[in-house]
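Proteins come first, then strands; the chains are lettered A, B, ... in the order of their sequence lines, and each starts at number 1.
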Amino acid sequence: MRHWLMKSEPDAFSIDDLKRLKKDAWSGVRNYQARNFMKEMAVGDAVLFYHSSCEPPGVAGLAKVVADAHPDATQFDRRSPYYDPKATKAKPIWACVDVAFVRKFGRLIPLEELRGAKALKDMVLLRRGSRLSVQPVTKEEFDAVMKLAGK
DNA sequence: GCCAACGTTGGC
DNA sequence: GCCAACGTTGGC
């Protein structure tokens, strides 16, 4: 099993939204590197759900992959902000996995606290200028975050 | 294939 | 709202 971190702006889609829906397709990713990481994901992989562009930013909870990468439906939808005119059903460009809610942490683990954790010093999230919205996390990093979450 | 211009992300 | 750091686009 592998571990990942996925970012979302809580104003758009938060851990509470995922809890309410139970599961959802992680659509709208329009970055090739992030897409490629989703294609590497497998059912059962663990996902740290990160809240970005909010105060404070941080890891809000835990999700899991429940469907392998499949074409992102929003690329074909002319009314979607994620519509991509270059994509066709025969030759889709963008993919997404489905993720399910596992749990919301008792407290949000703020970015600042992650920066302070020795075990996380090499985390992709903390690298200078890292804007990747989908990124791999090592087992050690994952365990360290879970420890900070208190469970 | 280079690279300047432009757009986006996301912390601050 | 600012702006650094990137990714993408398109002219050449």
Side-chain angles (χ1 to χ4, degrees), chain A residues 2-21 24-41 45-65 68-99 101-138 140-150:
Chain A
R2 298 180 67 183
H3 306 79
W4 309 91
L5 179 143
M6 298 174 95
K7 295 181 187 173
S8 181
E9 298 187 18
D11 286 349
F13 190 78
S14 72
I15 187 88
D16 294 317
D17 292 322
L18 184 62
K19 182 177 184 178
R20 184 164 41 79
L21 296 176
D24 199 25
W26 203 269
S27 57
V29 170
R30 293 295 179 267
N31 170 281
Y32 289 103
Q33 208 179 344
R35 179 203 67 181
N36 293 344
F37 281 134
M38 283 199 286
K39 287 185 172 182
E40 289 183 28
M41 292 182 183
D45 282 2
V47 176
L48 296 172
F49 195 118
Y50 181 87
H51 281 178
S52 65
S53 293
C54 55
E55 190 51 50
V59 180
L62 188 61
K64 66 179 176 185
V65 177
D68 288 344
H70 52 83
D72 178 344
T74 63
Q75 70 192 306
F76 309 124
D77 180 359
R78 286 177 186 281
R79 285 174 308 266
S80 167
Y82 302 114
Y83 175 64
D84 187 338
K86 294 194 291 295
T88 64
K89 291 264 168 80
K91 280 219 158 186
I93 298 173
W94 305 107
C96 61
V97 295
D98 292 352
V99 300
F101 176 82
V102 175
R103 85 167 146 274
K104 182 180 179 178
F105 292 157
R107 65 183 187 100
L108 180 123
I109 317 301
L111 175 62
E112 193 184 8
E113 189 172 334
L114 301 177
R115 287 194 194 286
K118 266 216 179 67
L120 301 178
K121 65 177 175 54
D122 295 324
M123 203 175 178
V124 174
L125 180 75
L126 306 183
R127 288 220 263 271
R128 225 164 69 91
S130 171
R131 300 176 308 165
L132 255 189
S133 63
V134 177
Q135 34 179 278
V137 173
T138 67
E140 291 70 27
E141 290 163 351
F142 179 84
D143 290 344
V145 173
M146 294 307 279
K147 199 171 168 189
L148 290 175

Chemist: Among A:Phe49, A:Phe37, A:Trp4, A:Tyr82, which residue satisfies the ring pair (Phe, Tyr, Trp, His ring centres under 6.0 Å) criterion with A:Trp26?
Modeler: A:Phe49
Chemist: For B:dT9, does OP1 or OP2 lie under 4.0 Å from any side-chain N or O of A:Tyr50?
Modeler: no
Chemist: Over how many whole Å does the gap from A:Arg127 atom CZ to C:dA4 atom C1' extend?
Modeler: 18 Å
Chemist: Quick one: do A:Arg30 and A:Asp72 make a salt bridge, cutoff under 4.0 Å?
Modeler: yes
Chemist: Would you mind reading off the distance between A:Ile93 atom CD1 and C:dT9 atom P, rounded to a whole angstrom?
Modeler: 10 Å
Chemist: Using atom CD of A:Gln135 as one end and atom C1' of B:dG10 as the other, report the distance to the nearest whole Å.
Modeler: 12 Å
Chemist: With respect to A:Val65, which candidate in A:Met41, A:Met6, A:Met38 satisfies the side-chain contact (heavy atoms from CB on, under 4.5 Å) definition?
Modeler: A:Met41
Chemist: Send over the distance from A:Leu132 CG to C:dC6 P, rounded to a whole Å.
Modeler: 11 Å
Chemist: For the pair made of CG in A:Asn31 and C1' in C:dT9, what is the distance, rounded to whole Å?
Modeler: 15 Å
Chemist: If I take atom CD in residue A:Glu113 and atom P in nucleotide B:dG11, what distance separates them, rounded to the nearest angstrom?
Modeler: 16 Å
Chemist: I need the CZ-P distance between A:Arg131 and B:dG10, as an integer number of Å.
Modeler: 8 Å
Chemist: Quick one: A:Leu125 CG to B:dG11 C1', roughly how many Å, whole number?
Modeler: 11 Å
Chemist: Where the side chain of A:Tyr32 is concerned, which of C:dT8, B:dG10, B:dC12 is the nearest nucleotide?
Modeler: C:dT8
Chemist: Looking at A:Lys7, I'd like to know whether one of its side-chain N or O atoms comes within less than 4.0 Å of OP1 or OP2 on B:dT9.
Modeler: no
Chemist: To the nearest 0.5 angstrom, please state how far the CG atom of A:Asp24 sits from the CG atom of A:Asp17.
Modeler: 9.0 Å
